[in-house]
Amino acid sequence: MRSQKWFYILMCMMLVAAGAPAVIAQDEYVFGMVLVGPADDRGWSQSHFEGGQYVEANMSNARMLVFESLNPADAPETTLADVVELFVEEGAQIIFTTSDAFEEDTVAVAEQHPDIIFVNISGDDVLTGEAPENVGNFMTQGEWPRAIAGCAAALSTNTGKLGYIGPLINSETRRLAASTYLGAKHCWEHERGNDAADLTFEVTWIGFWFAIPGVTLDPTEEANSFFDRGFDVVMSGIDTTEAIVVAGQRAAEGETVFSMAYTSLQGCDQAPDTCIGIPYYNWGVAYLDHVSRAAAGEWEQDWDWIGPDFDDPTNIDTSVTWFQRGDGLSEEVSMQLDAFIEEMKAFAADEMNADGIFLWQGPLNLQDGTVLAAEGENVSLNDIWYLSQLVEGMIGVSE
Amino acid sequence: MNHTPRSLGLRLVFLVLPLLVALFVSAVILLLLNQEPGEVLRQAWRGAFGNERRIASVLNYWIPLSFAAMGLVITFRAGLWNIGIEGQMIMGAVFATYIPLYVPLPPILTISLSLVLAATGGAIWAVLVGVLRNRFGVHEIFGGVALNAIAAGISLYLVRGPWALVGNNNQTPVFPRETWLPTISDRFGVSQLMLILLVIAVLSIIFLMGRSRWGLQLKATGRNRQSALLLGVSVRSVSLSAFILCGALAGIGGAHRVLHTYHYLLPNVAGGIGFLGLLVVMLSGFHAAIVPLVAYFMAALSAGSTRFQTLLRLDPSLIDVLQGILVLTYVLFSGIQDRFFPRIREGNEEMKKEITTNE
């Protein structure tokens with residue numbers, strides 16, 4: 001009898017504990033961050049996580065909830081709906097889903113939570129009109145720093161062979177790879193005075209944003225394969241840093257090779273001496289804007305493709321994306337890069353180019369020879385966003 | 001089988017003690033990570049049972065896990081290591097995807113045909129393992145691993161090629177809403193159809209393995225193929241039938257992933273559930289009736305852990321560590337039991353007697 005009583009008391013305590021609602025401070029504003037990879041990947045997911053930390057640091061009542069590695073390989077038991085459920089229960093009022101892998105599910109979940117704001121990064125459901133009113137999209141114009149990265153690679157190479165490790169193939173990844181190529185081609189021709197035909201720019205797509213054994217190609221093997229074939233600069237277009245590590249290992253064995261990181265300012269940390277730079281994202285600016293507007297009740301649905309702050313592109317409080325030079329960049333190349341960047345800034349400052357991106361000018365053809373822009377024309381932002389193929393001169397599949 | 005009170009007590013000890021030891025070791029690890037074990041437990045409990053949505057979430061993971069694990073009980077009983085279970089789930093998901101995407105039919109027909117196709121797809125993939133073993137002497141572990149890779153390759157090819165969603169070559173288009181499995185309610189998003197199918201599957205397997213001649217043949221094949229042959233059991237047919245049933249169940253589990261969990265096909269759709277099923281069956285001591293309970297425990301542990309990283313900032317991989325500790329302690333205690341208390345385990349002699357009697 002006595003033990004029965006204790007059993008019932010214990011059960012009641014457990015049920016109460018289970019059903020207890022989350023305690024949310026009265027003036028607290030909670031936002032959720034769903035990451036497709038780990039928060040310390042030194043790449044895409046880390047840059048978003050740091051963007052969320054920036055919001056916490058600059059908005060006194062903001063508190064971030066994070067869910068890392070939401071993908072079928074790492075979290076087969078969890079769906080976006082489960083995570084959103086948890087976030088909402090913990091008081092989140094705006095939720096960022098930080099990958100195009102979440103694009104479809106974000107729309108579906110947003111329909112179930114019409115009072116919560118969802119912002120899918122890199123998606124275009126608002127642009128296509130498929131998003132419910134509580135869904136927004138934004139993306140940064142990483143094409144600008146990508147062009148700088150391409151230029152830095154072309155100025156650094158000794159063999160004229162540049163490798164690019166891409167994730168899966170879609171219009172976003174095609175346009176980022178193409179921007180890198182356009183930057184490389186420009187500097188190869190105009191800064192180094194070489195013939196574009198002598199530049200090799202090859203893209204290998206591994207199949208996802210990071211390596212999943214049995215599902216994707218192995219980026220470590222792909223980086224080694226590039227170096228084995230005489231490529232001396234390998235650029236990462238994926239969320240993780242295998243190319244940087246491999247370049248460091250090769251350099252330790254006496255090879256003169258370089259790498260290019262991507263996304264996070266920590267991207268070069270594992271092998272800084274061979275890393276020539278990072279086209280990075282500084283999401284915090286955009287996140288703070290969205291969270292502030294949501295907290296003030298002023299958030300409105302939009303699709304925003306945000307460019308850098310050309311007046312002060314490295315300012316972490318104003319510029320959403322830019323290029324950070326790595327230790328592997330020589331002083332001479334760095335000076336040549338300055339000239340390229342000034343040229344880019346001049347282009348951006350010209351009002352005639354308000355709807356264009358540097359180097360996306362005709363004559364420019366797609367990989368199959370289709371004209372993308374005739375002589376003197378800018379490629380429209382829409383055509384860049386929805387780039388259907390790689391551009392002429394690049395090696396690699398477009399679909 | 002008769003048990004003395006002492007042997008029953010020892011069995012209970014060997015059931016509970018590993019759990020307690022696993023909890024203790026886990027608690028020590030959590031303390032080393034500056035975490036309060038009680039809080040972790042509380043969050044796990046809330047994550048798994050806090051409200052009806054969370055319970056639904058656990059059930060939605062439990063259903064495919066249980067289908068896979070129940071299938072594995074059959075192959076284990078036949079003495080077969082069906083490592084290819086993951087590939088069989090993937091093929092079930094692939095086969096289940098075609099009709100919702102490309103064949104406009106009334107929803108009831110779409111769902112029924114998709115499930116039949118999924119079972120067929122899983123069974124075909126399992127039969128290949130069986131044929132490789134029976135005809136070409138390829139051990140089922142090696143055949144299974146190879147077929148897992150091929151299944152993953154096929155699903156990748158489809159989602160990045162002919163079945164790709166325009167603009168995103170990492171998944172197929174979302175299935176039309178009317179082809180999604182109906183659920184008990186909006187808040188309790190569990191498919192009643194899959195629950196019923198699972199209950200039928202569990203009861204049927206328990207019955208078939210415990211009460212039918214086929215079940216005895218399966219057991220005989222698993223314990224000693226040579227002896228089973230001498231007893232007149234068609235070992236190859238029995239093995240193949242075990243693979244077919246296991247593959248069909250795994251295929252239905254795979255169908256649940258696409259028809260209910262995601263509503264589209266994506267790479268790695270099985271997400272290691274098949275492999276987790278292997279652990280579930282081992283932890284269950286290969287007893288069919290216990291499998292759904294252990295599967296539920298593992299599903300609840302996984303679902304509960306969703307909160308760990310968000311609310312406690314624990315590394316998401318910690319749950320794998322905790323599950324690993326659990327498996328390790330059970331294996332360890334199983335070894336101790338075999339070594340020092342052999343009489344409390346089912347005796348081979350007794351089973352042989354049982355088979356002979358039934359023959």
Side-chain angles (χ1 to χ4, degrees), chain A residues 14-15 17-22 32-34 38-40 64-83 85-87 89-90 92 99-101 103-105 107-108 112 123-124 128 167-173 205 207-209 212-216 386 399, chain B residues 41-42 45-51 53-54 56-58 60-62 64-65 86 148-149 152-153 155-156 160-161 164-165 167-171 173-174 177 186 189 257 261-264 266-273 276 298-299 301-303 305-307 309-311 313 315-317 319:
Chain A
M14 287 168 92
L15 285 171
M33 183 76 68
V34 189
D40 58 355
M64 173 170 61
L65 299 170
V66 186
F67 192 92
E68 299 176 46
S69 300
L70 182 62
N71 64 73
D74 291 314
E77 73 287 351
T78 310
T79 62
L80 183 64
D82 295 330
V83 177
E85 191 66 35
L86 170 62
F87 283 2
E89 183 193 319
E90 292 298 316
S99 171
D100 66 348
E103 192 173 356
E104 311 297 321
D105 289 345
V107 170
Q112 293 166 3
D124 65 351
T128 59
L168 46 84
I169 310 173
N170 62 25
S171 51
E172 175 193 336
T173 59
W205 307 102
F208 196 59
W209 294 100
I212 301 175
V215 174
T216 66
Y386 288 114
E399 289 179 5
Chain B
L41 197 62
R42 194 177 81 88
W45 179 269
R46 283 188 66 191
F49 307 107
N51 60 35
R53 280 188 196 270
R54 290 189 208 133
S57 179
V58 174
N60 283 330
Y61 192 53
W62 173 71
L65 178 60
E86 189 80 358
N148 284 347
S155 71
L156 270 176
R160 291 186 182 152
L165 171 69
N168 181 348
N169 69 348
N170 203 46
Q171 64 173 80
V174 178
R177 198 169 281 262
D186 282 347
R257 298 287 282 172
T261 306
Y262 294 113
H263 307 121
Y264 49 81
L266 73 169
N268 216 6
V269 64
I273 290 176
L276 185 59
M298 295 300 257
L301 198 60
S302 296
S305 71
T306 302
R307 306 171 69 82
Q309 58 155 302
T310 299
L311 303 181
R313 298 300 304 145
D315 193 285
S317 60
I319 191 60

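It should be emphasised that the depicted structure is a prediction, and the values quoted were computed from it without experimental measurement. A, B, ... follow the sequence lines: proteins, then strands. Residue 1 opens every chain.
Neither the backbone nor the side chain of L80(A) comes within contact range of chain B; no heavy atoms are under 4.5 Å apart. Neither the backbone nor the side chain of N71(A) comes within less than 4.5 Å of any heavy atom in chain B. Heavy-atom distances place the side chain of L311(B), and not its backbone, under 4.5 Å from chain A. Only the side chain of F87(A) comes within less than 4.5 Å of a heavy atom of chain B; its backbone N, CA, C and O stay farther away. Only the backbone of A303(B) has a heavy atom closer than 4.5 Å to any heavy atom of chain A.
Side-chain N or O atoms of R160(B) include one that pairs as donor or acceptor with a backbone N or O of G207(A) at under 3.5 Å. Without hydrogens or angle criteria, Q309(B) side chain to E68(A) main chain gives a donor-acceptor distance under 3.5 Å.
Here the shortest heavy-atom pairing between T310(B) and V66(A) reads OG1-O, 2.8 Å. Nearest heavy-atom pair across P76(A) and G271(B) is CG-O, 3.0 Å. Between N268(B) and P72(A), the shortest heavy-atom contact is O-CB, 3.4 Å.
Atom-to-atom distance recorded for D82(A):CG and N60(B):CG is 8.0 Å, nearest 0.5 angstrom. Taken from CZ in R54(B) to CD in E89(A), the straight-line distance is 3.5 Å, to the nearest 0.5 Å. Atom CD of E77(A) sits about 11.0 Å away from atom CG of L65(B), to the nearest 0.5 Å. Rounding to the nearest 0.5 angstrom, the gap separating the CD atom in E103(A) from the CD atom in Q171(B) is 8.5 Å. Separation of atoms CG (L266(B)) and CD (E104(A)) is listed at 11.5 Å; rounding is to 0.5 Å. The CG atom of N170(A) lies 10.5 Å from the CG atom of L165(B); values are rounded to the nearest 0.5 Å.
Between E90(A) and R307(B) there is a salt bridge, since a side-chain N of the basic residue sits under 4.0 Å from a carboxylate O of the acidic one.
Taking T173(A), D105(A), D124(A) one by one and counting their heavy-atom pairs under 4.5 Å with chain B, the maximum is reached by D105(A).
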